[in-house]
Structure formats: structure tokens, C-alpha cells
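In what follows, a structure is listed as C-alpha cells, so that the remarks can point back to it.
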Protein chains: 2
Amino acid sequence: MAEVAGGESLLFLTDEQLRKGIEAMFFAYRGFTADPDRILEGLDYGRAHHRAVHFIHRSPGTTVSNLLAILGVTKQSLNRVLRTLIDDGHVKSEKGKADARERHLFLTEKGEALERALSDAQRARMRAAYRAAGPAAVAGFRQVLEAMMDPEMRSQYNRLRDGG
Amino acid sequence: MAEVAGGESLLFLTDEQLRKGIEAMFFAYRGFTADPDRILEGLDYGRAHHRAVHFIHRSPGTTVSNLLAILGVTKQSLNRVLRTLIDDGHVKSEKGKADARERHLFLTEKGEALERALSDAQRARMRAAYRAAGPAAVAGFRQVLEAMMDPEMRSQYNRLRDGG
DNA sequence: GAATTTACGTCAGCCTTGTTGACTTTCCAA
DNA sequence: TTGGAAAGTCAACAAGGCTGACGTAAATTC
């Protein structure tokens, strides 16, 4: 940070550097989703299903409203996906005990197996990238990504992170 | 890297760390696209238009096939987007002189202005994130993203990068 | 106890952006 | 010169976003 203030390393803020960062995000995100996409393809599922499964696994018993806030989609859109996941026996939905209006969402055994298949694929790539780049790079990676989030997303992210 | 081999810092490869990285990618990508999306909203354009405009700006005179390889979509899909951009006067398409089957793509004045508006918005966020994280973090960020790409995407990325 | 609000589900219909299939035009090589 | 490959276009379909309207049950407020 001292170098930055001193002006020595401001090259990392040139438009050219920023463009490279933008393209890196674009190409990397494609890689990031490629492996789970391949698995989902055979199941008539898409990324939307993956996201739902991921966050239900992450926060078992979460409500529909919670999921809506995290995923940032409309309830109609989420409902379509949730409907198929429930019908296929990957997710179960239980009426809330304290508040019976809420539905608490859980993965079934089958759903957990699906989640494992998807996240194993994604983690394998992530692990390879982390290993190739090393711990210092990983710390920087996380710092930049966190700074790139919208504040509300960041608090969602931190809530999940701290909850873990 | 020495610490990694020594085993001291292998904590960065735990499943929990990897999950955090995965969620960071998810939330950060949303932020990454949020600003341009807001601009596109008013214009009946979507992200596909943004991507096309970005890469035509980046490589003026590129052919449809080139763009296809970079964007990783079908030519029919790209064509629809290109059609509207051409009709709206943002892009012009010229028959190749050497090979008349090819179309070479360029941004018009109007297209350049659109590109500037979109990339200004995206760069502003990127710049803020870079500034907040500092140059060392940025280097790590780029390293991890590059390692996350598919090999073919990585060579596309490097081709663009070196060309600059 | 009635009225309002909240949480969720669903129907209908739209848009963007992916897909495949069939087609033309153009180039090149056998 | 002709037949195949490459580049691009048109048509039609699907996934998954979106909005709007409406219904129902449960909770909360007046």
C-alpha cells in the first residue's frame, strides 16, 4: 500500500490492466461453470438448479425468502426450479413450526449426492487453480473479489462465511 | 511456494476454503456485470450485446468466426445479436477483400460511444476493487483466474493480451 | 374478532440468449 | 469443373430470467 501511495505501482490501475482483469473474469467464469454444466446437461437441469442446490446444502432449513435474497431472482423464477427439484426428490420442503407460512428447504439423500457430484467437479478445478497459484495469490484473489461485490451481496457472502 | 511444499499453508486448499472461493466467484461476478447491465437495460440490449461490442472494440476488423471462437456460442446465437447491433448502427460489417465469405466487424462512432459507456461503468468498479485490494492482491487475483480457465480459453485470453 | 400484512404458490405471458436444422454464397482443391 | 468445406443467414424451439395478477394460509395489528 505504501508503494501505491508513493505512485510506484499505479500501473496496475491503467485502463489496459483493468481491461485484462475484465477479460480474465469473463474467461475464468466460463471455466468456473464448465464442469458442473457438463454434469447438469444430462439431467435436464441448468445452472439455476445448481445454485439452488448449492445454497440449500450450505444452509439446510433455509426458507424460500432467504434463498430469494441470496440468489437475487424472482420467486416465480425460483419456484420453477424448486418445483422440479422437489418433484425429482432432490429437495424436500417442510412447513415451519414457529411460523407455518414459511417453507424450510432441505436436500434429500439423493439431493446431497447430486450436490456432492456438482461441487466435487467445481472444487477440483478450484483446487487445481489454487494449487497452481499458491496461497499468497489466493489471498489476493479473495480480496479483489470481495471488493468487487455489491455491499448487499458482500454482507450475504460474509453472513454465509461467518456462519461456517 | 516454499511454504506450500513445506505444508505450512495447505489450509488454503481445504474444502471450506474452496467453498468460500466458489461463493466469492458467484457474488463477485454479479457485481462485475451489474453496472453495464443497468446501462443495457434501457437499450433493449443484454449481456450478449455487451460481449460482442467489447471484443469488436478490442479487435477491430475481426471476423464473425473469430468472435464465435472467443465468445463460445453458436453462430446463430451471435448472429441475432450482431443483426440488432448492425441495424441500430453500432456495428458495421464489411465483406472481406481477400476472402469474400468473411465479414469484418467494426464499431461505428455510435458503437464506440456505447462501448465507452459500458466499459467506463465496468472499469470504475474494477478500479475501485483494485485500489482497495492493492497491487499484490491484483497480481494474485489474475494468477488464480488464469489458472481457472480452460486451456483453449487461456490461449484466447493470452492472444488478446499479447496483442495489446 | 376483523382487517391487514406476510410468506408462499401458481397462472399467463413476455424477453434474451442459448440450441439445432436447413439453406445460400463463396472459396478451394481434386 | 465440380464437389466439399467454410462463412454467414433464416426459422423454430427451450431454458430461465422477468412482470403482473391472483389465491391461500398464517401471523400480526387494530
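The sequence lines fix the lettering, A, B, ..., with proteins before strands; numbering per chain opens at 1.
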Using a 3.5 Å cut-off and no angle test, enumerate the donor-acceptor pairs between side-chain atoms of residues 71-78 of chain A and protein atoms at least two apart in sequence or in another chain.
residue, atom, partner, partner atom, Å
A:Thr74, OG1, A:Ser77, N, 3.3

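Checked against side chain to side chain donor-acceptor pair (under 3.5 Å), A:Gln143 has no partners two or more places apart in sequence or in another chain. Checked against salt bridge (charged side-chain N to carboxylate O under 4.0 Å, His left out), B:Arg83 has the following partners two or more places apart in sequence or in another chain: B:Asp87. For B:Arg154, the salt bridge (charged side-chain N to carboxylate O under 4.0 Å, His left out) test picks out no residue, with sequence neighbours left out. In this structure B:Tyr29 satisfies the ring pair (Phe, Tyr, Trp, His ring centres under 6.0 Å) test together with A:Tyr29, B:Phe32, sequence neighbours excluded. Legend: residues meeting salt bridge (charged side-chain N to carboxylate O under 4.0 Å, His left out) with A:Arg125, ordered by chain and number and at least two apart, are A:Asp35, B:Asp150.
A close approach under 4.0 Å does occur between a side-chain nitrogen or oxygen of B:His49 and OP1 or OP2 of C:dT17. Considering only side-chain N and O atoms, A:Arg83 lies under 4.0 angstrom from the phosphate OP1 or OP2 of C:dT10.
One interatomic measurement links the two molecules: CG of A:Leu82 to C1' of C:dA7, which rounds to 14 Å at whole-angstrom precision. The nearest whole Å value for the distance from the CG atom in B:Leu43 to the P atom in C:dT16 is 12 Å.
Between B:Phe26 and A:Phe55, the distance separating the two ring centers is shorter than 6.0 angstrom.
Mapping B:Leu68 and A:Gly46 onto DNA chain D via the closest heavy atom, the residue that lands nearer the 5' end is B:Leu68.
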Margin query: For nucleotides 18-30 of chain C, give me one character per nucleotide, 5' to 3': B if any protein heavy atom sits under 4.0 Å from the base, S if the only such contacts are to the sugar-phosphate, - if neither.
Written below: BBBB----BS---
Next item on the list: Verify side chain to side chain contact (heavy atoms under 4.5 Å, CB included) between A:Glu23 and B:Arg58, making sure each step is shown before the conclusion.
Entry: CA-CA 11 Å; A:Glu23 291 181 1; B:Arg58 177 69 191 76; 3.7 Å; yes
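Of the residues in residues 29-42 of chain A, none has a non-hydrogen atom less than 4.0 angstrom from any atom of DNA chain C.
Sorted by first and then second residue, the ring pair (Phe, Tyr, Trp, His ring centres under 6.0 Å) pairs with a member in residues 96-123 of chain B form an empty list; sequence neighbours excluded. The list of side-chain hydrogen bond (donor to acceptor under 3.5 Å, both in side chains) pairs with a residue in residues 39-50 of chain B, not counting sequence neighbours, reads B:Thr33-B:Arg47, B:Asp37-B:Arg47, B:Tyr45-B:Asp88, B:Tyr45-B:His90, B:His49-B:Thr84. Listed by first and then second residue, the salt bridge (charged side-chain N to carboxylate O under 4.0 Å, His left out) pairs involving residues 100-114 of chain A are A:Asp99-A:Arg101 (not counting sequence neighbours).
Nucleotides of DNA chain D lying under 4.0 Å from heavy atoms of chain A occupy a range whose first and last members, 5' to 3', are D:dG16 to D:dA27.
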